[in-house]
Number of protein chains: 2
Amino acid sequence: MSSHKAVARPCAADKIRSSARDLFYSQGIRAVGVDEIVHKAGVTKPSLYRAFDSKDGLTTAYLSDYQQEFWDRIAVICHDHPDNPRAQLVAYFDGLAWRASQPGYRGCALTNAIVEYPEPEHPVRQEAARLKQQIREWVKQKVCALSVSDPDLLTDGLILLMEGTYGGGQVFRAPGPAAQVGKLARLLLSS
Amino acid sequence: MSSHKAVARPCAADKIRSSARDLFYSQGIRAVGVDEIVHKAGVTKPSLYRAFDSKDGLTTAYLSDYQQEFWDRIAVICHDHPDNPRAQLVAYFDGLAWRASQPGYRGCALTNAIVEYPEPEHPVRQEAARLKQQIREWVKQKVCALSVSDPDLLTDGLILLMEGTYGGGQVFRAPGPAAQVGKLARLLLSS
DNA sequence: GACCATAGGTACCGATCGGTAACATCGTCA
DNA sequence: TGACGATGTTACCGATCGGTACCTATGGTC
């Protein structure tokens, strides 16, 4: 990647990505203007449009960055529980329950983006849906390694628990139903 | 209410509420301008601002209308399954699974509004959160009438399944995990 | 018919939006 | 030194946003 040099002196594009990541996640995509993004990043608007072709282009980059954070968490979990898909799934849901109980939790950036961009042909929505499908397939793969009676139903149940936490974590004040998602995932996994 | 006369000659406010309901739900609140709303309603902008003090005021009215549709569905279900809270819950989740599998499904208007308006003090968000709390209490009340071992955990599980269906129904193409929410609710109810 | 409240229509406002043109400045490396 | 690529500066564009002033038409009451 481009991390060992970029950390020392982050270029404008990186500062913009970081600024957009924080603002888009906490305030929503449509609610944040490009002026606010470049101001927080300490750069100017032409720098944004030199690195990204449009606000939509920056938004898809934001979704990609957010998804990378997901895979980073998964990598840590898989490292902590090697060759134990059940423990990996449980660890993810325990971490999710914790994050969803923190102040400022705003759910999943991909789901939120799909809510904000309902048009099926919109590039932001298509990218978010594509990345979501990858998550679904990761869960399905882990469930299939469990040799349960109905892996498809269990996968669907875990996905609904995840999405429910993304939504319920924003909707209800802590401690909300999202705090119990670890227990509920265990319940589903053992039935 | 104001239905028996309003149907014969719907006043401007009613036409605006109906137009806003369709546009806000299908395209999102921030994505729809007041010009589009009044154009679809066949009225003009001053009529909107005579009936509502602002777009936010119209939006909270939209959320209230949407919530009423929820209570109407609940009323039908309770009429179909009197004195049987378990059957009432199951019937709701079966209906939800069906709706979430229809084309154009966009989840819950209240949850979507909270995603679109993350600021805690925003009146739209506060109204949506207030109405959501009513739903949570309805579920809790039904679950408590069931005399199960851990009613709080079951309530949280059912809420997460609901919210998961709202999100997952938009994110994944049919047939997605949302289609299984009826089975999964039964599974949770019998454990 | 005189009167009045309510609703609709036309035209417009200032602010903000995403996006761009043209030019100055800086650091790096040959 | 000189050339170059990346960034900063300033000013601007057309479109769209939420919201409003002003006038006219309508319907009911006395």
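Order of the sequence lines sets the chain letters (A, B, ...), proteins ahead of strands, with each chain counted from 1.
Remark: B/K140 does not engage B/D156 in a salt bridge, criterion side-chain N to carboxylate O under 4.0 Å.
Judged by the 6.0 Å and 45° rule, B/R21 forms no cation-pi pair with B/F24.
When distances run from any side-chain atom of B/D35 to the nucleotides C/dT20, D/dG18, D/dA21, the shortest one goes to D/dG18. In this structure, the nucleotide among C/dA21, D/dT20, C/dC17 sitting nearest to the side chain of B/Y49 is D/dT20. Taking every side-chain heavy atom of B/T44 into account, C/dG8 is the closest of C/dG8, C/dG19, D/dT20. Of the candidates C/dA21, C/dT10, D/dG8, the closest approach to any side-chain atom of B/P46 belongs to C/dT10.
The separation between B/I16 atom CD1 and C/dA7 atom C1' is 11 Å, rounded to whole Å. Here the C1' atom of nucleotide C/dA7 and the CG atom of B/D14 are 14 Å apart, to the nearest Å. For the pair B/R30 CZ and D/dG18 C1', the computed distance is 13 Å after rounding to whole Å. Summarising the geometry, the separation between CD1 on B/I37 and P on D/dG18 is reported as 8 Å, rounded to the nearest angstrom.
Note on A/S47: only backbone sugar-phosphate atoms sit closer than 4.0 angstrom, heavy atoms only; bases stay farther off. When heavy atoms are screened at a 4.0 angstrom cut-off, A/V38 is found touching no nucleic acid atom at all.
Nearest-nucleotide assignment on DNA chain C puts the 5′-proximal partner with B/R50, out of B/R50 and A/D53.
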Without placing hydrogens or testing angles, list every side-chain donor-acceptor pair under 3.5 Å for residues 74-85 of chain B, not counting sequence neighbours.
unit_1 : atom_1 : unit_2 : atom_2 : d
B/N84  : OD1    : B/A87  : N      : 3.2

List the atom pairs, with distances to 0.1 Å, where a side-chain N or O of residues 159-180 of chain A and a protein N or O form a donor-acceptor pair under 3.5 Å, not counting sequence neighbours.
unit_1 : atom_1 : unit_2 : atom_2 : d
A/E163 : OE1    : A/T111 : OG1    : 2.9
A/E163 : OE2    : A/K132 : NZ     : 2.8
A/T165 : OG1    : A/L161 : O      : 2.7
A/Y166 : OH     : A/Y92  : OH     : 2.8
A/Q170 : NE2    : A/R106 : O      : 3.1
A/Q170 : NE2    : A/N112 : OD1    : 3.2
A/Q170 : NE2    : A/Y166 : O      : 3.2

